[in-house]
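Heads up, the thing below is written out as structure tokens.
Bear in mind the structure is a predicted one, so any value in this text is a computation, not a measurement. In what follows, chains carry the letters A, B, and so on, assigned in the order in which the sequence lines appear, proteins first and then strands, with residues in each chain numbered from 1.
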Number of protein chains: 4
Amino acid sequence: MTQIAFIGLGIMGLPMATNLVRAGYDVRGFNRSPGATEKLALAGGVADSSIAAAVSSADVIITMLPDSPDVEAVVLGNDGVLAAARSGALLIDMSSIAPATARAVAAAAAAVGVRALDAPVSGGEQGAIDGALSIMVGGSAADVEAARPVLQVLGSTIVHVGASGSGQLVKAANQLIVAGTIELVAEALTFLDAYDVDLEPAVEVLAGGLAGNRILDRKAGGMIRHELQPGFRIDLHHKDLGIVLDSAREAGVVIPVGALVAQLMASARAQGYGDLDHSALILGVEQLSGRSRS
Amino acid sequence: MTQIAFIGLGIMGLPMATNLVRAGYDVRGFNRSPGATEKLALAGGVADSSIAAAVSSADVIITMLPDSPDVEAVVLGNDGVLAAARSGALLIDMSSIAPATARAVAAAAAAVGVRALDAPVSGGEQGAIDGALSIMVGGSAADVEAARPVLQVLGSTIVHVGASGSGQLVKAANQLIVAGTIELVAEALTFLDAYDVDLEPAVEVLAGGLAGNRILDRKAGGMIRHELQPGFRIDLHHKDLGIVLDSAREAGVVIPVGALVAQLMASARAQGYGDLDHSALILGVEQLSGRSRS
Amino acid sequence: MTQIAFIGLGIMGLPMATNLVRAGYDVRGFNRSPGATEKLALAGGVADSSIAAAVSSADVIITMLPDSPDVEAVVLGNDGVLAAARSGALLIDMSSIAPATARAVAAAAAAVGVRALDAPVSGGEQGAIDGALSIMVGGSAADVEAARPVLQVLGSTIVHVGASGSGQLVKAANQLIVAGTIELVAEALTFLDAYDVDLEPAVEVLAGGLAGNRILDRKAGGMIRHELQPGFRIDLHHKDLGIVLDSAREAGVVIPVGALVAQLMASARAQGYGDLDHSALILGVEQLSGRSRS
Amino acid sequence: MTQIAFIGLGIMGLPMATNLVRAGYDVRGFNRSPGATEKLALAGGVADSSIAAAVSSADVIITMLPDSPDVEAVVLGNDGVLAAARSGALLIDMSSIAPATARAVAAAAAAVGVRALDAPVSGGEQGAIDGALSIMVGGSAADVEAARPVLQVLGSTIVHVGASGSGQLVKAANQLIVAGTIELVAEALTFLDAYDVDLEPAVEVLAGGLAGNRILDRKAGGMIRHELQPGFRIDLHHKDLGIVLDSAREAGVVIPVGALVAQLMASARAQGYGDLDHSALILGVEQLSGRSRS
């Protein structure tokens, strides 16, 4: 039976690891704070107290961590994944991190005979619980096929998008489009509200045509009613847009709208909205327009 | 039987009027250039040679014209619709024009006892042919109900969004979101292409998550392959963004991303792409990034 | 002796007309509100009660009015300047208005044998009082030479910049650069303040190098201390940026930074700062950065 | 006699070190490529073959290097300045680097008893040759006073702007304003040219009013005539705007216009203009407006 090590049992990682247990895998988990591993044990996994213990006999190693420095520490560190993994193991990093870090991880893994994929996700906590994530995978085609049975437990859409780092690049592109679309919807709603247009039917008709998008479907109602609890936090989207801008700059790609949206996201954070849902961008448009609602 | 006058038998107007004939209405048509009225006559309508002839005994008058000055001339002019329409007639202007003009038309109509709706559409030529347009309607609730049987022949989604001018405002918001979304997708695709990510699977996974939108569904393939024939032309979208900017400015609504996208649309036009599809915004991103494909 | 009619005796016009009286010209003034003409009379001019009375025997007619519609009414109206002026008179419009209106005025003037210049100014109320305005003049070279003795009473810099409308275009360019420079200085000061850099010496060294500009020289101190009384009001600069954007759009010139600055100026106005000096753009940067000082 | 070590004898460093020799200082120079040290020796300095040799007995150590990684290597490296400098020496880093690196250098220096200033300059090669640089200095007041006699040989304006890192922050602010002003002038000139306004007199009158700035004084002529040889290169200004953006992001300061200008600078670089003067931003505006001159 395939043995899986799962490192990072947070809001996303714990339900993902649990789904793997339920699918019949032998799952050994590790988390830097111990409470989460106990929950995994209750669900039928094994709670390990070190990365080495979790990883050393694993066929597949999944990491699900907050940011690039965490992945660097956990995977590349002295007591990290690559120091303990056996040759031939398959490392699937599902964190959302810098593409450059993903490529560095892949190179370091190859140097010790470990195969590596970058496989960030979209779909949020609910998608993790439901095993319905969208997974964008970078790496070799053979490694993607080897990982597919495991990934199919976690997600409903698994797409191989290119070589190492490509998964992170597509995730970055995703975050660019999502942030920009929220801002566009925020500008449109504020515009319509200023003219006393009925917003609920306006959203309905906008969603039905070429302007249609998931933000109109899922977020516009909350934006209209100022129900802005997360969901996905401004702070995290701000981090992700930093990755977008750095990667675009590195490649010489010019993204004027993306750069402006990143400033507006930074503004939401600077004004204390970091813990609100990213749809709180509408607060900025209302403020700029002298239409803040208290 | 309800008698309908249809003024403006262009690419959109002719199939719309034809659908009304097929639905059993008595349709009298007028167009400034005569060829189009002959086509309507062949389809079973009546070709009139003046606005007055078409309008004088009509219960419902539909106008479908290119721009605000056309509507002002045709509706408000000396030999125009309001000079000839009978009291109690219902005027439905389905052109995409400035909201301020729509409000002026409604006021002038009221002064002569004509009821008026602004009812711009989205869905393009194919939507007009299929009777599947999305129609966003501004005016009184009673007038919208009176118009509904006629509008249901033309569109599959008919939504009353508020008082006079509201239909045009929602159309403006639609054009803001569409233009911005095209630009975002263009920036994302150029970014991914610079890193040699496989674009077709990337679009597939982007379309499946929170970044999902109609531009990814319908336009991204053409953008990738530089198949940029219209569809909806840059020149027309440039006109529409002028309406968006003027209306936002009038209401004191600040739309930083919308304003930047309008500059990029103006750039596409200034560089000679006015007759291409609006998805040709990708040419601008490629050029800015030194990645023009010749 | 040259007879001058001066129409528009506001904050700018009254000291300008007074300077012409002091220079020995026979000045007849008209203003729509009567108090201002009395002040001119006290200074030695003649107070007229109609445009026709002021204009009919004048050699030179100067107009100094708030906006394009005012110029259209005063110059082109039924009882306006061109209806009363004698053939061969020289009309100098020193208002800041749309270049298209300036061209229309010049064409209408030519049709009745009146020579016309557009000659907007910079330098503000103090420049008007001191006769030290900068004057940018559009029209024929011969007419500019004819006007020069009069203009030299009003300004210290008189520059012929091209054909009719060119004066207004240069004024528009001036307003674009001024607004953008204020925003740049505001962003720089907010940036430095966030790091506790000493702002007064920082401004000194910035002003001494390639970053040096008049805003650093004249406005930065007030921006640092939030002394934002006008000077030149946000409301007026907002009007002027509307002229910039419309004229750029008409010519197909793309001004991405100008368009963004116009949104930020519109935001200052929408938030109630219309009566503050245009250097109040710094309030917007501080707000976006969560650093508003109450 | 004060002994000065000068590390980094490039286009800027060599004339600066030469001026110090001429002022009577005992100057020992080191450069990674040896040709430059020979030139210093010809001018009367001492050519050293290692950092340690140059630095070990120096009272004042000046570094003038291209970028942050160079300063990190030369100052903080195993065989670097701090490893060899004697306690009590005064390190003046005159490179333009990241403020965060300047603070790290100051902290590392303090740990070994070396006093440190960050003192970047503006004024270019000519300013270095003429000893007429503007120098913005961060560090303690006492250290600035100690350095002042030396700095007065190199520059005509020496301003203490705050604690360690402040010099770099003011240099960053300088680069923000300069880049933005070039773009504003480029937009204004392209706008005026599209209307056939006479550009030379337009620049004259713009430079005389509130729009006046050093770019109009020194660069506009070259921009009009497309004389775009450097001067200060696009590549270097692109690097500097990266510092601006990173530092603003770190402090939560929102600079929407700065961010957009940085994209336009990146575009100039991506299109192959990296070796042209930064005033080549005008090529981008002309291209966006369909007005490229070949």
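Comparing Val185(D), Leu192(D), Ile158(D), Leu216(D) by how many heavy-atom pairs each has under 4.5 Å with chain C, the most go to Leu192(D). The candidate from Ala188(D), Gly290(D), Ser289(D) with the greatest count of non-hydrogen atom pairs under 4.5 Å with chain C is Ser289(D). When the candidates Gly165(D), Gly252(D), Gly209(D) are compared by the number of heavy-atom contacts under 4.5 Å with chain C, Gly209(D) comes out ahead. Ranked by heavy-atom pairs shorter than 4.5 Å toward chain C, the options Asp196(D), Val159(D), Leu169(D), Leu206(D) are led by Leu169(D). Contact tally against chain C (heavy-atom pairs below 4.5 Å) for Gly212(D), Ala173(D), Ala251(D), Ala172(D): the top residue is Gly212(D). Interface check for chain D: of the options Leu176(C), Ile255(C), Val170(C), the most heavy-atom pairs under 4.5 Å are formed by Ile255(C). Note: Pro201(D) leads Gly162(D), Pro201(D), Gly123(D), Gly167(D) in heavy-atom pairs under 4.5 Å with chain C. Contacts with chain D were tallied for Ser122(C), Ala194(C), Ala186(C), Ala202(C); Ala202(C) has the most, counting heavy-atom pairs under 4.5 Å.
Checking side-chain atoms of Glu187(C) against main-chain N and O of Gly258(D) turns up a donor-acceptor pair under 3.5 Å. Checked by atom type and distance alone, the side chain of Arg214(D) never pairs as donor or acceptor with a backbone atom of Asn213(C) at under 3.5 Å.
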Give the intermediate values and the outcome of side-chain contact (heavy atoms from CB on, under 4.5 Å) for residues Val285(C) and Val254(D). CA-CA 7 Å; Val285(C) 179; Val254(D) 179; 6.0 Å; no
Run the side-chain contact (heavy atoms from CB on, under 4.5 Å) check on Tyr195(D) and Ser166(C) step by step: do they pass? CA-CA 8 Å; Tyr195(D) 279 107; Ser166(C) 297; over 6 Å; no
Between Leu288(D) and Val253(C), is the side-chain contact (heavy atoms from CB on, under 4.5 Å) condition met? List the steps. CA-CA 8 Å; Leu288(D) 284 169; Val253(C) 175; over 6 Å; no
Val161(C) and Leu199(D): CA distance, side-chain angles, deciding distance, side-chain contact (heavy atoms from CB on, under 4.5 Å) verdict: CA-CA 7 Å; Val161(C) 292; Leu199(D) 296 184; over 6 Å; no
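Here CG of Leu210(D) is found 6.5 Å from CD1 of Ile182(C). Values are rounded to the nearest 0.5 Å. The OG1 atom of Thr181(C) sits 5.5 Å away from atom CG of Leu184(D), with the distance rounded to the nearest 0.5 Å.
With a threshold of 4.5 angstrom between heavy atoms, Ala163(C) does not approach chain D through any atom at all. Looking at Leu260(D), only its side chain comes within 4.5 Å of chain C, counting heavy atoms on both sides. Heavy atoms of Ser247(D) lying under 4.5 Å from chain C belong to its backbone as well as its side chain.
The interface of residues 132-140 of chain C with chain D, defined by heavy-atom distances below 4.5 Å, comprises Ser134(C), Ile135(C), Met136(C).
Side chains of Glu183(D) and Pro256(C) form a contact here, defined as non-hydrogen atoms less than 4.5 Å apart.
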